[in-house]
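What follows is one structure encoded as structure tokens, with my remarks underneath.
Protein chains get the first letters and strands the later ones, always in sequence-line order, with residue 1 at the start of each.
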Number of protein chains: 2
Amino acid sequence: MLFSKSFGYALRGILYVALAQSEGRRVQVDEISEKLGVPRHFLGKILNRMVKEGLLQSVKGPYGGFALAAATLQTPLLKLIELTDGLGTFNNCVLRLHACNAVNPCPLHHQVMDIKNNLQHMMMGTLVSDLMIGDREAFIRSIATEELDGLLQKITNHDEHDA
Amino acid sequence: MLFSKSFGYALRGILYVALAQSEGRRVQVDEISEKLGVPRHFLGKILNRMVKEGLLQSVKGPYGGFALAAATLQTPLLKLIELTDGLGTFNNCVLRLHACNAVNPCPLHHQVMDIKNNLQHMMMGTLVSDLMIGDREAFIRSIATEELDGLLQKITNHDEHDA
DNA sequence: GCATTAAAAGACATTGACGTCTTTTTTAAA
DNA sequence: TTTAAAAAAGACGTCAATGTCTTTTAATGC
Ligand code: FES
Ligand code: FES
């Protein structure tokens with residue numbers, strides 16, 4: 001597993017907020033967790049962290065919820081990784097022996113170096129906005145939990161049948 | 001973290017056994033764990049697993065210990081990953097949404113696909129024997145825990161001073 | 001057989017990732 | 001000012017990865 005579940009939740013949450021923003025509205029954790037199939041309170045804490053780090057805005061009280069911050073869409077995914085998983089994947093030796101370095105390389109260093117660098121550069125170069133593609137429905141489905149996704153499809157088919 | 005600690009222990013353990021083998025001797029878990037700075041019993045269980053899977057041989061009793069099996073040196077690292085971490089890293093979506101596939105891709109799929117494939121192919125193509133390079137001392141140091149490594153250096157320097 | 005050695009097995013402990021529930025704080029509307 | 005809504009905070013729970021300890025099994029030499 002390249003990234004933690006928390007990273008996945010953070011990214012999907014932010015993308016959902018961005019989608020709602022594009023429709024001109026704020027969203028609550030309840031809606032996000034329900035639509036994406038992600039644990040309510042756990043997601044809350046993660047979004048929380050994002051607010052503290054300036055990647056999201058939040059408003060308490062009625063008509064409150066989460067909204068994008070100024071920098072959100074231009075944020076590289078590496079920043080998200082840093083906030084959720086830390087940078088150990090990129091900075092440490094894959095065998096966890098020490099800080100990764102070519103001077104005192106582990107037996108796997110030369111084999112993984114390029115791959116690790118590619119991953120890091122990709123994550124540096126990819127912005128949140130780069131991931132917002134496709135139409136609304138397809139996009140939501142692409143960030144929803146599989147079972148939920150299947151469920152939504154079934155419901156949709158059922159509705160079509162009824163209609 | 002690309003791989004688990006268990007994978008690291010497995011690989012380093014096997015490499016140490018291979019090194020001892022090249023000197024014509026068997027090794028006990030005690031020696032391996034001590035020389036590499038790895039937890040004794042935890043390593044034992046992992047080597048155990050390797051024996052069951054045919055990647056190592058073991059002999060109980062006096063003069064016993066671990067030795068290479070016929071296939072050990074020709075084993076691809078992917079096999080080791082499979083035994084320790086499983087293949088989820090390669091087969092599953094990085095966002096853990098479902099099995100990774102291009103038909104129903106997550107927002108990150110296109111960005112990570114090549115990297116995941118590169119990693120998998122490298123692990124398939126790299127054999128245990130490919131990692132056995134350099135002279136004995138340097139090799140041992142390259143698979144030993146950092147602190148232990150530093151400690152050994154200090155002792156060595158101290159000895160030289162004494163001599 | 002008996003003592004010794006070392007792996008194998010298994011019970012138990014620790015830690016961090018992940019998840020749930022409750023209480024507190026802040027905000028807006030009536 | 002009261003009420004309700006929603007985030008924030010924090011206590012608590014669960015589970016898998018990691019690690020320790022003890023007991024059992026098997027092999028060897030005498
Ligand atoms: S030193 Fe191990 S990956 Fe670079
Ligand atoms: S579908 Fe997510 S990585 Fe391929």
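We find that CZ of B:Phe42 is positioned 16 Å from P of C:dT14, with the value rounded to whole Å. Atom CD1 in A:Ile46 sits about 14 Å away from atom C1' in C:dT20, given to the nearest Å. The nearest whole Å value for the distance from the CG atom in A:Leu36 to the P atom in C:dG19 is 14 Å. C:dT27 atom C1' lies 14 Å from atom CZ of A:Phe66, rounded to whole Å. Straight-line distance from the NE2 atom of B:His41 to the C1' atom of C:dA6: 12 Å, rounded to whole Å. Straight-line distance from the NZ atom of A:Lys60 to the P atom of C:dT23: 17 Å, rounded to whole Å. When rounded to the nearest whole Å, the span between CD of B:Gln57 and P of C:dA6 equals 18 Å.
A:Leu47 is not listed as a side-chain neighbour of A:Tyr9, based on a closest heavy-atom distance of 4.5 Å or more. At a threshold of 4.5 Å between non-hydrogen side-chain atoms, the residues A:Asp85 and A:Thr89 do not count as touching. A:His110 has its side chain within reach of A:Pro105: a pair of non-hydrogen atoms, C-beta onward, lies under 4.5 Å apart. When side chains are defined from C-beta on, A:Thr72 does not count as touching A:Met50, because their heavy atoms never get closer than 4.5 Å.
Closest non-hydrogen pair, B:Ile133 versus B:Phe139, comes out as O-CD1, 3.6 Å.
No contact: A:Phe7 has no heavy atom under 4.0 Å from any strand. Backbone-only engagement by A:Tyr63 is indicated by non-hydrogen atom pairs under 4.0 Å involving sugar-phosphate atoms exclusively. Using a 4.0 Å heavy-atom distance criterion, A:Gly44 is classed as making no nucleic acid contact.
Ion pairing of A:Arg49 with A:Glu53 is present here, as a side-chain N (NZ or NE/NH1/NH2) and a carboxylate O approach within less than 4.0 Å.
A close approach under 4.0 Å does occur between a side-chain nitrogen or oxygen of B:Ser58 and OP1 or OP2 of C:dA8. Dashed line: the shortest gap from a side-chain N or O of A:Tyr9 to OP1 or OP2 of C:dG19 is under 4.0 Å. Contact annotation: A:Lys5 reaches the phosphate of C:dG19 (side-chain N/O to OP1 or OP2, under 4.0 Å).
Put simply, the side chain of B:Lys116 never gets that close to the backbone of B:Asn91: no donor and acceptor are under 3.5 Å apart.
In this structure, A:Leu19 is a member of the same hydrophobic cluster as A:Leu73, with clusters built from ILVMFWY side-chain heavy atoms closer than 4.5 Å.
In this model, a donor atom of one side chain and an acceptor atom of the other lie less than 3.5 Å apart for B:Thr145 and B:Arg12.
The CZ atom of A:Arg96 sits 7.0 Å away from atom OG of B:Ser4, with the distance rounded to the nearest 0.5 Å.
Projected onto DNA chain D by closest heavy-atom contact, B:Val59 and A:Gly61 fall at different nucleotides, the more 5' of which corresponds to A:Gly61. Ranked by how close their nearest DNA chain C nucleotide is to the 5' end, B:Arg96 and B:Gly65 are led by B:Gly65.
Under 3.5 Å, the side chain of A:Lys45 and the base of C:dT20 form at least one donor-acceptor pair of N or O atoms.
Interface limits on DNA chain D: the 5'-most and 3'-most nucleotides within less than 4.0 Å of chain B heavy atoms are D:dT18 to D:dT28.
Nearest nucleotide to the side chain of A:Ser6, out of C:dC18, C:dT20, C:dA8: C:dC18.
Across residues 22-29 of chain A, A:Val27, A:Gln28, A:Val29 each have a non-hydrogen atom less than 4.0 Å from an atom of DNA chain D (numbered order).
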